[in-house]
Amino acid sequence: MDKRVRVRFAPSPTGGLHLGGMRTVLYNYLFAKQHGGDFIVRIEDTDQSRYVPGAEEYIFECLKWSGLEPDESPLHGGEHGPYRQSERKEHYAEYAEQLVKDGHAYYAFDTPDELEKMRLDFRTEQNPSPQYDHSVRMKMRNSLSMDSHEAKRLLDDGVKYVIRIKMPQHETITFKDMIRGEVSFDTSVVDDKVLLKADGMPTYHLAVVVDDHLMKISHAFRGEEWLSSAPVHILLWKYLFGEDKMPQWAHLPLILGPNGKLSKRDGAKFGFPVFAMNWRDPKTKELTEGFKEKGFLPQAFINFLALLGWNDGTEQEIFSKEELIGKFSIERVHSGGAKFDYEKAKWFNHEWIRQSSVASLQSAVGSLFNDKGITGIENAMLEKVITLVKDRCTLLTDFYDHSYFFFEAPDKWDVDAVKPKWTGDKRNFFIAYTDKLSATGNWQLANLEETFKRLAEEMNIKPGELQLPLRIMLVGGKFGPPVFNIAEILGKHETINRIKKALAVF
RNA sequence: GGCCCGUUCGUCUAAGGGCUAGGACACCACCCUUUCACGGUGGUGAUACGAGUUCGAAUCUCGUACGGGCUACCA
């Protein structure tokens, strides 16, 4: 099938790619893959004042980590490249001029100050934010309000200008949205949007239409925040390339934070990530934590993102990327916004950790320990530890909290938990137990436990009262997996050492 | 203010005219567990409101309320 979808992003510090943007990317990706189409990414860097160097590379790292790599490298071009709008500058002016020639657009010479004055002058209680539209355009300085000689003179003199679309009056624009069905707008309430800026760069409105045409985009999925400017884009299609050539639109619902639209700030405020990976703003040096660094598996990230506003109609919740490609359908995307629930996201991650094989977790967990300064762990040991604690970990980082004691002997113990019931008999028990352990050639879970219980019985102590002290000797506190499992993994030498060391303190 | 979009348990959602509105997260209780968790079983909990159409409405229509988006030479 000849499907071609594109996603866009602006390399700006705040407009990066947070949850909402990533989900848009994901849906585009799933749709493209499902139909055997192309998935391309376009860099919308036409706003030079907000351009942040390095943001492109960062975002491709995010896409790579999530497993959503585009078919053609957006950084190096491709069949319909370049995919960086700043490198396609010359295309846009040509189309803008075309629109002027056809009477669908005009030159406007108003300075920023004049625009501000207009907004102030026309401001009323009923209309707090006046627009540059059919009602005021004849009162402004543009090629519609002045005679053609004057306009030509200004142009020849090199006076800065923008090109604005001339929105028709009282026309109803209706289009079909794949999620919402028919949506219509009255053109007289839409302003004369700037198409080409004074610096020669296009605005999003012009660029999206021109690029979608040139890049032969068949489906355009974007966030709901674009819905209200859709009539401009549809008109542009009509004027430039024909409405029948227009891609099919889908406006995805917004992802909401705890209070309203999800923002980058919400992350810091409520303690959850909003970006796929750590992002440090080069200007402010402010760090925004990512899902990756927080300990999420990419599979879980994709999974919860996909389910935030979509489901396949069954009660299934855990989907692999391949299953999502098979089952996704844009028509089943919810039209209402979805509030992001971090607790549920963590649940997805927990499920994915449980399902993951030990082998697939090994390198991530290994490097986690490395980062914490614990090095030189043997693979066999790591494997055993992961197997034992995997089910209790919600985040990858939990592996540290649930198993660091395998690699670091405790140097302080929760003595308060032992002391009240500590007796000389118990001390003697542990001395006897270490002797037995030293002598044994069978370091198996069953044997360790059996020896322990038999000895306790012989010495007439309840084994239950001895297990907690043993645990505290081995790990330092009241936590961790079953105590004999710990001893088994720790090994003979280490177990005996830890008991002896603790005995000296108790 | 104007325009557009939306509204089912606290949260994500299922049910697109017809059984006691189903599931998941979270929460609570019990069980398992001589640690802490995991897990298991069960429970609390929703169709925003008001009209209309219909034998019958969460579902279709209208109005109201509430929420969100847009209203830049930003995307």
Side-chain angles (χ1 to χ4, degrees), chain A residues 8-12 14-15 21 44-47 49-50 108 110-112 115-116 119 123-133 160-164 177 179-180 183-186 188-191 193-205 207-208 222-231 251 253-254 256 258 260-261 304 307-318 334-348 350 354 389-394 398 401-402 414 417 462-468 470-472 475 477-483 486:
Chain A
R8 44 149 285 267
F9 69 83
S12 76
T14 50
E44 316 219 312
D45 55 349
T46 56
D47 182 4
S49 65
R50 298 211 316 167
D110 317 273
T111 64
L115 289 175
E116 201 179 321
R119 290 195 183 103
R123 178 189 240 142
T124 60
E125 207 159 291
Q126 269 73 43
N127 186 9
S129 45
Q131 308 190 103
Y132 200 122
D133 61 13
K160 290 268 184 203
Y161 65 90
V162 301
I163 292 180
R164 286 182 180 270
D177 183 280
I179 296 172
R180 278 153 233 279
V183 182
S184 50
F185 292 86
D186 181 347
S188 41
V189 300
V190 183
D191 63 334
K193 296 253 181 260
V194 170
L195 264 19
L196 198 72
K197 300 188 271 187
D199 63 0
M201 284 288 192
T203 58
Y204 173 82
H205 308 296
V208 73
R222 66 217 312 193
E224 195 186 337
E225 68 267 30
W226 292 107
L227 193 53
S228 34
S229 47
H251 290 90
L254 265 8
L256 277 11
K261 191 187 180 185
F304 81 69
L307 273 279
L308 210 50
W310 171 86
N311 71 84
D312 74 341
T314 71
E315 281 169 5
Q316 182 177 350
E317 295 206 86
I318 302 298
H334 233 241
S335 46
K339 199 173 285 183
F340 173 61
D341 181 358
Y342 187 45
E343 292 307 315
K344 182 106 188 207
K346 284 197 289 195
W347 174 80
F348 276 104
H350 186 201
R354 280 158 46 102
V389 304
K390 181 162 99 81
D391 284 358
R392 37 215 304 151
C393 294
T394 296
D398 291 341
D401 301 319
H402 288 308
D414 184 357
K462 281 186 202 136
E465 289 189 19
L466 294 163
Q467 278 195 27
L468 187 64
L470 177 59
R471 164 178 302 281
I472 291 173
V475 307
K478 293 196 285 185
F479 49 78
V483 70
I486 297 174

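By convention in this document, chain letters (A, B, ...) are assigned in the order of the sequence lines, proteins followed by strands, and residues within each chain are numbered from 1.
Among the heavy atoms of the strands, none lies under 4.0 Å from A/R123.
The side chain of A/T203 places no N or O atom within less than 4.0 Å of a non-bridging phosphate oxygen (OP1 or OP2) of B/C74.
Distance from the side chain of A/P128 is smallest to B/G1 among B/G1, B/C36, B/C74. Checked against B/U35, B/C74, B/C25, the side chain of A/W347 finds its nearest nucleotide in B/C25. In this structure, the nucleotide among B/C25, B/G1, B/C73 sitting nearest to the side chain of A/E343 is B/C25. Taking only side-chain atoms of A/R471, from C-beta outward, the nucleotide of B/G39, B/U71, B/U35 with the closest atom is B/U35. With B/C73, B/U13, B/G1 as the candidates, the nucleotide lying closest to the side chain of A/K197 is B/C73. Out of B/G23, B/A72, B/A37, the shortest distance to the side chain of A/R392 is found at B/A37.
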Can you tabulate the close N/O pairs, meaning under 3.5 Å, that link protein atoms to atoms of nucleotides 3-12 of chain B?
from, atom 1, to, atom 2, distance (Å)
B/C5, O2', A/R180, NH1, 2.5
B/C5, O2', A/E224, OE2, 3.2
B/C12, OP1, A/K339, N, 2.9
B/C12, O2', A/L307, O, 3.4

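A/K478 approaches A/R471 most closely through the heavy-atom pair CA-CD, 4.1 Å.
Nucleotides B/G22 and B/A29 have their P atoms positioned 24 Å apart, rounded to a whole Å.
Look at B/C38: its glycosidic torsion is within 90° of 0, and that puts it in the syn range.
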